[in-house]
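Have a look at the structure below before the remarks.
Residue numbers start at 1 and run along the sequence shown. Just so you know, ligand 1 is whichever comes first in the structure, and atom 1 is the first atom listed for that ligand.
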Amino acid sequence: MKWKKQITNLKAYQPGRSIEDVRKEYGLEKIVKLASNENPFGSSNRAKEWIQSYGSSYAIYPDGYITDLRSALSESLNVEEKQLIFGNGSDELILIISRAMLEPGKNTVMATPTFPQYRHNATVEGAEIREVPLVDGAHDLNAMLAVIDEQTAVVWLCSPNNPTGIHISNNDLVQFLNKVPEDVLVVLDEAYYEYVTADDYYNAVEIVEKYPNVLVLRTFSKIYGLASFRVGYGFGAEEVVRALEPVREPFNINTLGKGAAIAALSDQAFVEKCRIENKKGLEQFYQFCQNENIFYYPSEGNFILIDFKCNSDELTQYLMEKGYIVRSGNALGFPGAVRVTVGSQEQNEGVIQAMKSFVAEKAIRQ
Ligand SMILES: *Cc1c(COP(=O)(O)O)cnc(C)c1O
């Protein structure tokens with residue numbers, strides 16, 4: 001058959017292992033999944049209550065304009081409704097942007113390692129991919145500027161960056177945007193925005209006002225704890241959103257996801273609580289790394305990349321046998337490291353104990 005030639009060697013997404021799967025294989029009772037940056041505290045009770053009270057027909061198509069979530073976000077962000085676009089997770093927005101802008105003969109610029117979906121979707125569209133290595137876990141914005149040319153359609157920035165957790169400062173971002181040509185779309189993926197506490201973080205709404213070539217992506221999957229519902233959104237200049245809209249599927253936000261998102265958005269106390277708990281959790285990991293003298297990247301997200309400088313797969317396997325699912329650095333472009341989602345205090349303590357015994361056992365063997 002006549003497949004696009006660029007997809008013939010492309011691998012399908014490899015999901016992290018599920019709790020059920022690991023439970024079966026190792027016969028463990030308690031398993032803690034700290035592999036996909038999901039919220040250990042679940043989601044707001046308001047979302048659950050809304051779902052339980054939903055009594056309307058399942059036979060009716062969802063609202064294609066996503067009217068009430070659109071107006072709720074427009075109000076809370078202070079952007080116009082027409083500045084918003086929705087995706088079946090921000091993953092789908094990455095697909096929509098790629099489909100709308102990328103093709104053979106064009107190129108796209110991104111950091112490496114970063115969130116793999118930028119590269120994946122660019123590959124499907126047959127665009128040239130220009131990857132610029134991170135420096136100390138951070139985007140090298142000057143090097144990224146240097147590879148932008150006439151054929152560059154999209155630049156992807158991930159802030160905080162997955163998997164390092166490093167954010168882009170306001171100063172660095174503004175200096176970068178001042179130099180990017182106006183006809184290049186800069187996508188600012190802020191999947192972990194609500195976790196950020198750094199003082200020098202930018203204000204994305206102000207950035208979008210000043211730079212009409214920026215589109216910001218956010219999601220209800222991370223701090224809002226609604227990953228299973230697949231609700232992501234973007235905001236930017238009306239012209240950008242208008243141009244992308246025809247590429248969006250008509251009913252890409254489902255009724256239950258939309259309702260749960262509205263309910264979750266109204267509960268900012270829950271978001272605040274999760275942000276505070278996450279900071280405390282990060283401190284637990286920092287303390288461990290400092291005590292053991294292990295390198296880590298200070299994180300603005302709900303995950304931490306720890307560089308044990310060991311065989312990542314061996315450590316991942318070791319932790320799995322003790323009931324903790326984490327992400328091996330080998331799968332993330334950081335051989336030697338693992339990425340651990342920050343869990344509850346007890347979960348963090350547990351995985352830290354397991355990592356401690358790994359370190360001790362390895363020292364014995366050495
Ligand atoms: C998790 C994640 C996403 C995808 O989130 P969904 O909205 O669930 O599709 C996007 N970008 C980054 C950097 C992420 O870590």
For R230, the ligand 1 atoms with a heavy-atom partner under 4.0 Å come out as 6 (P), 8 (O), 9 (O)
- Examine ligand 1 and decide if any of its atoms is less than 4.0 Å from a heavy atom belonging to C158. yes
Is it the case that the side chains of E300 and Y193 hold a donor-acceptor pair, with the cut-off being a distance below 3.5 Å and no angle test?
no
Among non-hydrogen protein atoms, atom 5 (O) of ligand 1 lies closest to S90 OG, 3.3 Å
Just by distance, with hydrogens left out, do N278 and N302 show a side-chain donor and acceptor under 3.5 Å apart? no
Distance col, row L188:CG vs I168:CD1, nearest 0.5 angstrom, shows 6.5 Å
Per-atom filter on ligand 1: closer than 4.0 angstrom to a heavy atom of S221 are 6 (P), 7 (O), 8 (O)
protein heavy-atom neighbour closest to atom 15 (O) of ligand 1 works out as Y192 OH, 2.6 Å
*Looking at F270, is R46 sitting on its ring face, NZ or CZ under 6.0 Å from the six-membered ring centre and within 45 degrees of the normal?*
no
shortest atom 11 (N) of ligand 1-to-protein heavy-atom contact is with D189 OD2, 2.6 Å
Residue, atom and distance of the protein heavy atom nearest atom 2 (C) of ligand 1 read K222 NZ, 2.5 Å
In this structure, are over 12 heavy atoms from other groups packed under 6.0 Å from R275 atom CZ? yes
ask   = Are any of the heavy atoms in A191 under 4.0 Å away from ligand 1?
value = yes
If I apply the N/O under 3.5 Å rule, does Y118 come out as touching ligand 1? no
Cation over ring, K322 on Y318, under 6.0 Å and within 45°? yes
Within 45° of the ring axis of F288 and under 6.0 Å from its six-membered ring centre, is that where the NZ or CZ of K356 lies?
no
